[in-house]
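Accompanying notes for the structure given below.
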Amino acid sequence: MNRNRDQNPVQESAAEKPSGDGVDRRGFLECMAWAGTGVVWTVSGGILSSRLFGQQPNGSRRADFSFIQLSDSHIGFKKPPNQDVVGTLELAVKQINALTDPPALLLHTGDLTHLAKPAEFDTCAQVISRAKVSQAFYVPGEHDVFGDEAKLYLERYGKGTRGSGWQSFDSRGVHFVGLVNVMNLKAGGLGVLGDEQLAWLKQDLAALADSTPIVVFAHVPLWTVYPQWGWGTQDSAQALALMRRFGSVTVLNGHIHQILQKVEGNITFHTARSTAFPQPEPGKAESPGPIKTVAADKLKGMLGITRVNYVEGRQSLAIADTTLEAGPN
């Protein structure tokens, strides 16, 4: 079990209630929101609320800890709508470095590369190394394991991990779990964790107290967003069942290149924008893939980063998404 001690936290819970948009969410078992602009989700005392990115909630305290999620950088992609994916990843890193309160950690939820070539991995690593964070953690996307069963990926990012790259670590009382659900992924097929990884996960979580906040990060969503496009994980129910005893679970994913959020009991799901290109909303195109008809001046507004803040002692989580055209906060 890979538990790198001593980093920092995150929290949340669930239930639902009001927010600045006037929508009463109390009693909902699920809550989903497509967001075209940055949105912050905060949970405090079992109450879920949302606000625009950059808008401060009343009575808020400065976060004790924050971390960044990057996803789907696709270094090596050179087609419309973005023929400079290195440039947009560099812009994301500049935004991270310009944040008023520097984040402690960076999580990348996969598809660092487009074709899993050595030069693509090297370029991605070089750009992300400029981010002013103390540590970075990764899980692979399907584009990172093409052709070689994740050999190149694991050479670079596999140290201290298990199997095809799954891992866990603790930070200021928060337990982070990185899962891999892209091995042998077929086009249009659902992600799979597999029995070996599920057995490891059960053992990893067994000794934790129910009050331990859990943050899970994986590439393909751990809930079924749109099975017709393979946007879900076949055996995610088994993994989520192991987490339901915890009071606070946050699941961060990529793969679909757009923001989608859902609250289910004590588990909050969040998918992030890509730093490379947007994909269509589920069912609004014949198939998933890059939206090619994005005007150059609109592209950065469809790409972005995710920041998570935690206020220690208050048990609150805030997830803030911002586009690459927006300024840091």
Side-chain angles (χ1 to χ4, degrees), residues 32-41 52-54 68-96 107-115 120 124 127-128 139 141-144 182 185 187-188 191 217-221 223-232 252-262 269-307 319-328:
M32 296 189 297
W34 288 99
T37 57
V39 175
V40 180
W41 290 83
L52 295 178
F53 181 79
I68 291 291
Q69 178 194 7
L70 290 179
S71 200
D72 297 275
S73 299
H74 286 273
I75 298 302
F77 181 84
K78 298 177 180 178
K79 298 180 180 180
N82 186 3
Q83 298 183 50
D84 185 16
V85 294
V86 175
T88 49
L89 179 58
E90 289 175 334
L91 181 56
V93 169
K94 287 179 180 178
Q95 284 201 356
I96 293 168
L107 306 180
H108 197 298
T109 46
D111 280 355
L112 291 82
T113 69
H114 196 60
L115 296 173
E120 295 174 358
C124 188
V127 174
I128 291 179
V139 289
E142 73 276 13
H143 285 263
D144 300 318
V182 297
L185 189 67
F217 57 107
H219 183 64
V220 179
W223 59 292
T224 305
V225 176
Y226 198 65
Q228 297 92 321
W229 287 358
W231 287 4
L252 302 176
N253 302 122
H255 191 56
I256 71 173
H257 296 215
Q258 57 200 284
I259 298 170
L260 180 59
Q261 302 193 39
K262 175 184 178 181
F269 301 87
H270 181 94
T271 62
R273 289 185 179 99
S274 164
T275 65
F277 55 82
Q279 292 202 76
E281 294 182 19
K284 294 193 174 180
E286 291 184 4
S287 62
I291 298 176
K292 300 178 181 179
T293 56
V294 179
D297 62 342
K298 302 293 184 184
L299 177 63
K300 291 178 184 178
M302 303 179 76
L303 309 177
I305 63 176
T306 298
R307 178 177 181 171
I319 298 176
D321 291 280
T322 186
T323 66
L324 295 188
E325 68 178 0

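By convention here, the first residue in the shown sequence is residue 1. Please read all numbers here as calculations on a predicted model, not as lab measurements.
Between V139 and A218, the closest heavy-atom pair is CG2-CA, 4.0 Å. Taking all atoms of both residues into account, the shortest heavy-atom contact from P280 to S287 is CG-O, 4.0 Å. A pairwise comparison of heavy atoms in Q261 and I259 identifies NE2-CG2, 3.9 Å as the closest pair. Shown here for N253 and H219, the closest heavy-atom pair between the two residues is CB-O, 3.6 Å. When every heavy atom of E120 is checked against every heavy atom of G76, the shortest pair comes out as OE2-CA, 3.5 Å. Closest approach of T275 and A92 over heavy atoms only: CG2-CB, 4.2 Å.
D72 contributes atom CG, which lies 9.5 Å from atom CD1 of I256 (distance to the nearest 0.5 angstrom). Taking CG of L89 as the start and NE2 of H108 as the end, the distance is 6.5 Å to the nearest 0.5 Å. In this structure, CG in L70 is found 8.0 Å from OG1 in T109, a value given to the nearest 0.5 Å.
Donor-acceptor pairing under 3.5 Å is lacking for the side chains of H74 and S274.
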For this session: Please step through side chain to side chain contact (heavy atoms under 4.5 Å, CB included) for the pair H143 and L112, ending with a clear verdict.
Result: CA-CA 8 Å; H143 285 263; L112 291 82; over 6 Å; no
Exercise. Is there a side chain to side chain contact (heavy atoms under 4.5 Å, CB included) between M302 and H257 once you walk through the steps?
Worked result: CA-CA 9 Å; M302 303 179 76; H257 296 215; over 6 Å; no
For this session: Using the side chain to side chain contact (heavy atoms under 4.5 Å, CB included) rule, take R273 and L303 through it: C-alpha gap first, then chi angles, then the decisive distance, then the call.
Result: CA-CA 6 Å; R273 289 185 179 99; L303 309 177; 5.5 Å; no
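No side-chain heavy atom of V127 sits under 4.5 Å from any side-chain heavy atom of I75. Using a 4.5 Å heavy-atom threshold, the side chains of F217 and Q69 count as separate. Put simply, the side chain of Q258 reaches to within 4.5 Å of the side chain of P282, judged on heavy atoms.
The side-chain hydrogen bond (donor to acceptor under 3.5 Å, both in side chains) test applied to T113 returns D144, not counting sequence neighbours. Residues passing the side-chain hydrogen bond (donor to acceptor under 3.5 Å, both in side chains) test with K292, sequence neighbours excluded: none.
Between H255 and W231, the ring planes lie perpendicular to each other; the angle is over 60°, past the 30° to 60° tilted range.
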Which side-chain N or O atoms in residues 77-86 pair as donor and acceptor under 3.5 Å with protein atoms at least two apart or in another chain?
{"residue": "N82", "atom": "OD1", "partner": "D84", "partner atom": "N", "Å": "2.9"}
{"residue": "N82", "atom": "ND2", "partner": "T88", "partner atom": "OG1", "Å": "3.1"}
{"residue": "N82", "atom": "ND2", "partner": "A276", "partner atom": "O", "Å": "2.8"}
{"residue": "D84", "atom": "OD1", "partner": "G87", "partner atom": "N", "Å": "2.9"}

